[in-house]
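Presented below is the structure to which this report refers.
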Amino acid sequence: MRHRKRTVKLGRTTDHREAMLANLTCSLIRHNRIKTTLAKAKALRPYAEKMVTLGKKGSLHDRRIAIARLDGKVDEVQKLFTEIAPRFKDREGGYTRILKIGPRPSDASYMAYIEWVEGVSSVTNAAEEESPKEETKAKKPAARKKAADKEKAPKAEAEKKSE
């Protein structure tokens with residue numbers, strides 16, 4: 001009987017499952033948002049959140065545990081401890097969210113996005129805000145010339161008065 005056994009096996013051996021969760025966690029750390037099956041996302045959530053908790057503690061021992069659990073991927077551990085964990089310093093838990101996106105066409109497996117709760121929206125919003133600004137600049141070069149002429153005009157007048 002499997003009473004009180006929380007680990008979802010996902011049809012894999014223990015070593016394969018641990019390696020897969022470590023790789024998914026590294027991808028989540030690297031890209032801030034990944035697309036995977038709903039079952040894998042639900043299995044990944046506690047694993048990734050425990051990594052953030054280690055990052056929030058920040059000791060050398062916790063860093064070594066994180067390196068061991070993420071199969072020696074030092075770059076991802078560095079990013080976890082320096083960028084991701086500080087975002088959640090005032091948060092007690094619930095560092096990830098799962099967004100269901102429906103079945104995959106090929107095999108009807110339910111797919112989902114898993115992402116960090118804080119920071120992802122600010123990253124995507126910043127990218128969305130920058131692109132319209134660039135488009136407006138490209139569309140209105142005459143407006144930029146007028147603004148530049150207005151800035152130069154007071155300087156030119158000041159130079160004429162000083163002569």
Side-chain angles (χ1 to χ4, degrees), residues 1-140:
M1 285 190 238
R2 294 194 74 240
H3 295 299
R4 298 178 62 122
K5 305 290 184 194
R6 296 191 66 199
T7 303
V8 178
K9 292 187 178 181
L10 299 172
R12 290 162 170 81
T13 62
T14 303
D15 291 337
H16 186 184
R17 185 175 53 251
E18 288 174 359
M20 181 193 62
L21 290 174
N23 287 331
L24 286 171
T25 304
C26 289
S27 295
L28 182 62
I29 291 169
R30 189 178 308 119
H31 301 292
N32 291 325
R33 179 182 198 180
I34 58 172
K35 181 180 178 181
T36 184
T37 63
L38 183 60
K40 287 179 189 174
K42 286 181 177 181
L44 175 62
R45 174 182 267 175
Y47 194 87
E49 292 192 1
K50 287 174 186 171
M51 290 292 114
V52 173
T53 303
L54 286 174
K56 284 173 58 175
K57 290 179 185 175
S59 69
L60 178 61
H61 180 66
D62 295 320
R63 189 177 293 260
R64 287 178 174 166
I65 289 172
I67 290 171
R69 288 191 187 153
L70 296 179
D71 297 329
K73 296 191 171 106
V74 180
D75 295 336
E76 281 77 10
V77 172
Q78 178 71 23
K79 183 174 179 180
L80 174 70
F81 276 70
T82 58
E83 295 176 24
I84 294 171
R87 284 191 259 175
F88 300 110
K89 65 181 178 183
D90 298 328
R91 193 176 183 98
E92 294 297 319
Y95 309 119
T96 58
R97 81 167 56 100
I98 296 175
L99 303 169
K100 299 175 186 177
I101 56 175
R104 184 165 46 196
S106 61
D107 62 354
S109 173
Y110 280 95
M111 300 299 287
Y113 284 112
I114 183 167
E115 63 186 13
W116 301 116
V117 173
E118 294 179 6
V120 173
S121 59
S122 64
V123 170
T124 55
N125 288 343
E128 290 173 2
E129 289 175 3
E130 289 177 13
S131 59
K133 289 178 183 176
E134 292 173 358
E135 290 173 9
T136 55
K137 288 180 181 178
K139 289 180 182 177
K140 299 181 181 179

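The chain is numbered in sequence order, starting from 1.
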* Asked: Can any side-chain N or O of R91 pair as donor or acceptor with the backbone N or O of G93 at less than 3.5 Å?
  -> yes
* To do: Could you pull out the closest heavy-atom pair between M51 and L80, with the gap in Å?
  => O-CD2, 3.5 Å
* Asked: Of all residues at least two apart in sequence or in a different chain, which pass the side-chain hydrogen bond (donor to acceptor under 3.5 Å, both in side chains) check with R63?
  -> Q78
* Asked: Between OG1 of T13 and CD of E18, what distance do you get to the nearest 0.5 Å?
  -> 9.0 Å
* Asked: Which heavy-atom pair separates A22 from L70 by the least distance, and what is that distance?
  -> O-CD2, 3.9 Å
* Asked: Going from CZ on R12 to CE on M20, what distance comes out if it is rounded to the nearest 0.5 angstrom?
  -> 4.5 Å
* To do: Any chance you could lay out the side chain to side chain contact (heavy atoms under 4.5 Å, CB included) test for L44 and I34, step after step, and finish with the verdict?
  => CA-CA 11 Å; L44 175 62; I34 58 172; 3.9 Å; yes
* To do: List the atom of L28, the atom of A48, and the distance in Å for their closest heavy-atom pair.
  => CD2-CB, 4.0 Å
* To do: Could you give me the CA-CA distance, side-chain angles and deciding distance for R97 and E115, then say whether salt bridge (charged side-chain N to carboxylate O under 4.0 Å, His left out) is met?
  => CA-CA 6 Å; R97 81 167 56 100; E115 63 186 13; 2.7 Å; yes
* S59 versus D62, closest heavy-atom pair with distance -> OG-OD2, 2.8 Å
* Which atoms form the tightest heavy-atom contact between T37 and S109, and what is the distance? -> CG2-OG, 3.5 Å
* Can a donor-acceptor pair be found between the side chains of K50 and Y95 at a distance below 3.5 Å? -> no
* Asked: Do I65 and R69 have side-chain heavy atoms sitting under 4.5 Å apart?
  -> yes
* Kindly determine whether Y110 and K100 satisfy side chain to side chain contact (heavy atoms under 4.5 Å, CB included), including the steps that lead there. => CA-CA 8 Å; Y110 280 95; K100 299 175 186 177; over 6 Å; no
* Asked: Would you say the side-chain atoms of K56 pair up with the backbone N or O of F88, donor to acceptor, closer than 3.5 Å?
  -> yes
* Structure fact -> CZ of R45 to CG of L21, rounded to nearest 0.5 Å, is 14.0 Å
* To do: Compare all side-chain heavy atoms of W116 with those of I84 and state whether any distance is below 4.5 angstrom.
  => yes
* Side-chain heavy atoms of R17 within contact of V8, under 4.5 Å -> no
* Asked: Is there side-chain contact between T36 and Y113, with heavy atoms separated by less than 4.5 Å?
  -> no
* K42 atom NZ, neighbour heavy-atom count above 12 within 6.0 Å -> no
* Structure fact -> d(E76 CD, I67 CD1) to nearest 0.5 Å is 11.0 Å
* To do: Might you confirm whether atom CZ of R64 has over 12 heavy atoms from other residues, nucleotides or ligands at distances under 6.0 Å?
  => no
* To do: State, with a plain yes or no, whether a side-chain heavy atom of R2 is found less than 4.5 Å away from one of K9.
  => yes
* Classify the side-chain pair E49/T96 by whether it contains a donor and acceptor separated by less than 3.5 Å. => yes
* To do: Over all heavy atoms of both residues, which pair between A112 and L38 is shortest? Give the atoms and the distance, please.
  => CB-CD1, 3.9 Å
* Does some side-chain heavy atom of V52 sit less than 4.5 Å from a side-chain heavy atom of F81? -> no
* To do: Please tell me if the side chains of K35 and I114 come closer than 4.5 Å, counting only heavy atoms from C-beta onward.
  => no
* Asked: Mind checking whether D75 and R30 have side chains closer than 4.5 Å, heavy atoms only?
  -> no
